[in-house]
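First comes the structure, then the notes that go with it.
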Amino acid sequence: MLYTVDEVGFESIPVDRFSRMPVMDSVNADSKLYVLKRAEAPLKPLSRDYAQELNLQQLAAVEVVDGPALVIAGAGSGKTRVLVYRVARLIDTGIDPASILLLTFTRKAAQEMLGRVGLLIGPQSDRVMGGTFHSVANVLLRRYGRTIGLEPGFTILDRGDSEDLVNLVRVQTGLTETGKRFPRKKTIADLFSKCANTRQSLEDVLFTDYSHFGEYLSELTKLQQAYESTKRQRQLVDYDDLLTRLLELLTVDERARLMISEIYRYILVDEYQDTNRLQADVVRQLAATHENVMAVGDDSQSIYSFRGATVRNIMEFPELFPGTRIFKLEENYRSTQSILALANEILQGATEKYSKTLFTQKGQGERPALVQTVGESPQSRFVAQKILELREEGVPLDDIAVLFRSSFHAFDLEIELAKRDVPFVKRGGFKFLETAHVKDVLAHLRVVHNPLDTVSWNRSLLLVDGVGQKRARDLIAQLASSEAPHETLRQGGGRAALGLSNLAAALESVGSVEDGSPPDQVNRLLEYYYPILKEQYDDYPKRIRDLEHLLVMAERYGDLEGFLADVTLEPPNESVTGIEAPDRDDERLVLSTIHSAKGLEWRCVFVIWLVDGRFPSSYSFLTDEELEEERRLLYVAVTRAKQCLYLTFPVQVYDKVTGSVLSKPSRFLDDVSASLVEPWNVVEHDEPWR
């Protein structure tokens, strides 16, 4: 039976009821039908000359009204401008602003875009629904969620609340006695979140990302079921539930799905390459009654798979929405042509992509420099020295960035910058000394170097099983007056006796290293610390890599005192002496992981550690998908630079087992034409020039 569309809450009328009305009795099958056309509003001139304000590629995308569209926006090509102008033009052509839905990844992005729309066409933009996926889901669930058991007054849990609830449910289900290695509440919450966003089973996510907890599959499955049940019983919704429950609503409640889809007739999605499977499914359901979806993004900048995002969404968009028109934005407004030529070449080797060629009107510019150094220390000294030279040439420190694949790649550079009094801010990961596991190791080394260091004693003792704050204070008091601290530790009784004895043995072993060689001392300490690391931190495999790098750094030093002095230096608060002007003392060099640098730009960019195994990471060698994401990561790094770009790689890399080994430059450079880069070879001041 067919029904008329019910949009305003009136009773729907079965179409066949019309056949029983008297007037219909005189109409037979042979009657001629005459269709009354819907009255259309008279066309009015657009308020702006869009052709004058956009390039041809942008204009083509902005002029789309109906049907699915995919905009492949190359780096620096004006993606946001297209979104802003398309919303403005839709309204300008007479479309109701309240029927437009703009989905973004941050509230700030939505506010800025709609603010710019308002500047273009006035206050009508206030009626556009714009926000993050989660904020829009919150509004819709409070309005329509009753059919899936959600009352309008449901409570949203923040991440801390979610972790506490996980812990509470764990206690209630009797899973507190499974052993010390059972994952902590934060890790469990991360695991459940990954399942929701990737739409994968707990088993698949556990054995892919948390394999060291695989033995607890049955316990974690039981906990996940209890966690979900508790939330539903108590009207609780965590951050991921906002999308999973919205998808549930759109899937099981056809009336709500059709109503919501009719309200939002025009959907725009920003940064579509960063969406996960859950978000893509939500978008598909929101467009149930129409195909008016425009996704804007760049497959070549899809780099967040570790958060659950998948490049498959943007690649498969035309399959999800048959008849999709594809538009490409290729004119870059950020970088010189020399930088773009390198970026284009890097993408040539991609196995699957939307082909595009970036170009610019900004001129050719200098070729990117491909800088070879002997080892990590010369690499750090080159970067520091060149940054100071650029600063003297008038480039502000905050317009220079050093980018790297992983946070620990910058540890050695941080020490070098501190030596030269170069202030910096680090984005993505922690500064070297802010990582808890590095602090742990350095505390033990400081105790060996200075047995009177009560702060380091306190940190070291609290890592011993059975030692709390009071016991640590008592032991520190005894150690302060003891001439044989190791024996004092061994005399400790109770539950901590074995741990204190092991600590004493480890400190003795480190202190007895012949000639006080820092690498040997660090190595011996790590043998003691690794079991503690595994007990203290659920993500210990990642932290082990940091500590191995600490061992590499120790190779540069001949004594423990010099090593500890350098690694504890902090960048000063004041400006660089003799270089920064008084009114520029707030300048800071930017150190950043590439993931944290996406969407940003600087005049000069250094990309360090372009060595196979570091970039791309050795962990990406397992699958083609991971390796391709590493390629995209390099593309993102290169396209952050506006005028000058330096790519550096050391030819010798320290290996924990074999010592120094020759490295291989990143495989992504193999197919780059020699004409696109300028090779530099860094030598010491007293070395002969070749």
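The first residue in the sequence is number 1, and the count goes up from there. FYI, side chains are in, hydrogens and waters are out, and symmetry mates aren't considered; it's all heavy atoms of this structure.
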### Query
Is there side-chain contact between Ser617 and Glu630, with heavy atoms separated by less than 4.5 Å?
yes

### Query
Just wondering, do Thr187 and Tyr210 contact through their side chains at under 4.5 Å, heavy atoms?
yes

### Query
Is the shortest distance from a Lys or Arg side-chain nitrogen in Glu628 or Lys353 to a carboxylate oxygen in the other one below 4.0 Å?
no

### Task
Flag the pair Phe192 / Leu223 as yes when at least one side-chain heavy-atom distance between them is below 4.5 Å, and no otherwise.
yes

### Message
For Lys186 and Asp190: C-alpha separation, side-chain torsions, deciding distance, then whether salt bridge (charged side-chain N to carboxylate O under 4.0 Å, His left out) applies.
### Response
CA-CA 6 Å; Lys186 180 183 183 303; Asp190 289 342; 3.1 Å; yes

### Query
Can you check whether Gln273's main-chain N or O pairs, donor with acceptor, with Ser302's side chain at less than 3.5 Å?
yes

### Query
Are Asp92 and Arg48 close enough for a salt bridge, meaning some N to O gap below 4.0 Å?
no

### Summary
So salt bridge (charged side-chain N to carboxylate O under 4.0 Å, His left out) across residues 264-273, not counting sequence neighbours, yields Lys79-Asp270, Lys79-Glu271, Glu262-Arg265, Glu271-Lys598

### Query
Got Pro183 and Leu220 here, is their nearest side-chain heavy-atom distance under 4.5 Å?
yes

### Query
Salt bridge check: are Lys231 and Glu228 linked by an N-O gap of less than 4.0 Å?
yes

### Message
Listing request: all salt bridge (charged side-chain N to carboxylate O under 4.0 Å, His left out) pairs with a residue in residues 142-153, at least two apart in sequence or in separate chains.
### Response
Arg146-Glu151

### Query
Under 6.0 Å from the CG atom of Asp209, do we count more than 12 heavy atoms belonging to anything else shown?
yes

Atom pairs and distances, side-chain donor-acceptor, residues 322-329, under 3.5 Å, sequence neighbours left out:
unit_1: Thr324; atom_1: OG1; unit_2: Phe321; atom_2: O; d: 2.5
unit_1: Arg325; atom_1: NH2; unit_2: Asp66; atom_2: O; d: 2.8
unit_1: Lys328; atom_1: NZ; unit_2: Ser355; atom_2: O; d: 2.6

### Task
Just grab all the salt bridge (charged side-chain N to carboxylate O under 4.0 Å, His left out) pairs involving residues 285-313, residues at least two apart or on different chains.
Arg284-Glu291, Asp298-Lys356, Asp299-Lys356, Arg312-Glu316, Arg312-Glu352

### Task
Give me the ring orientation class for Tyr304 and His595: parallel if the planes are under 30° apart, tilted from 30 to 60°, perpendicular past 60°.
tilted

### Query
Are any non-hydrogen side-chain atoms of Val65 and Tyr266 less than 4.5 angstrom apart?
yes

### Task
Could I get the full list of side-chain contact (heavy atoms from CB on, under 4.5 Å) partners for Gln225, not counting sequence neighbours?
Thr221

### Task
Might you work through the salt bridge (charged side-chain N to carboxylate O under 4.0 Å, His left out) test for Arg232 and Glu248, ending with a clear yes or no?
CA-CA 13 Å; Arg232 287 178 181 264; Glu248 178 187 350; 3.1 Å; yes

### Query
Is any side-chain heavy atom of Val311 less than 4.5 Å from a side-chain heavy atom of Arg632?
yes

## Note on the structure
Hits for side-chain hydrogen bond (donor to acceptor under 3.5 Å, both in side chains) against Ser305, two or more places apart or cross-chain, chain-then-number order -> Glu629

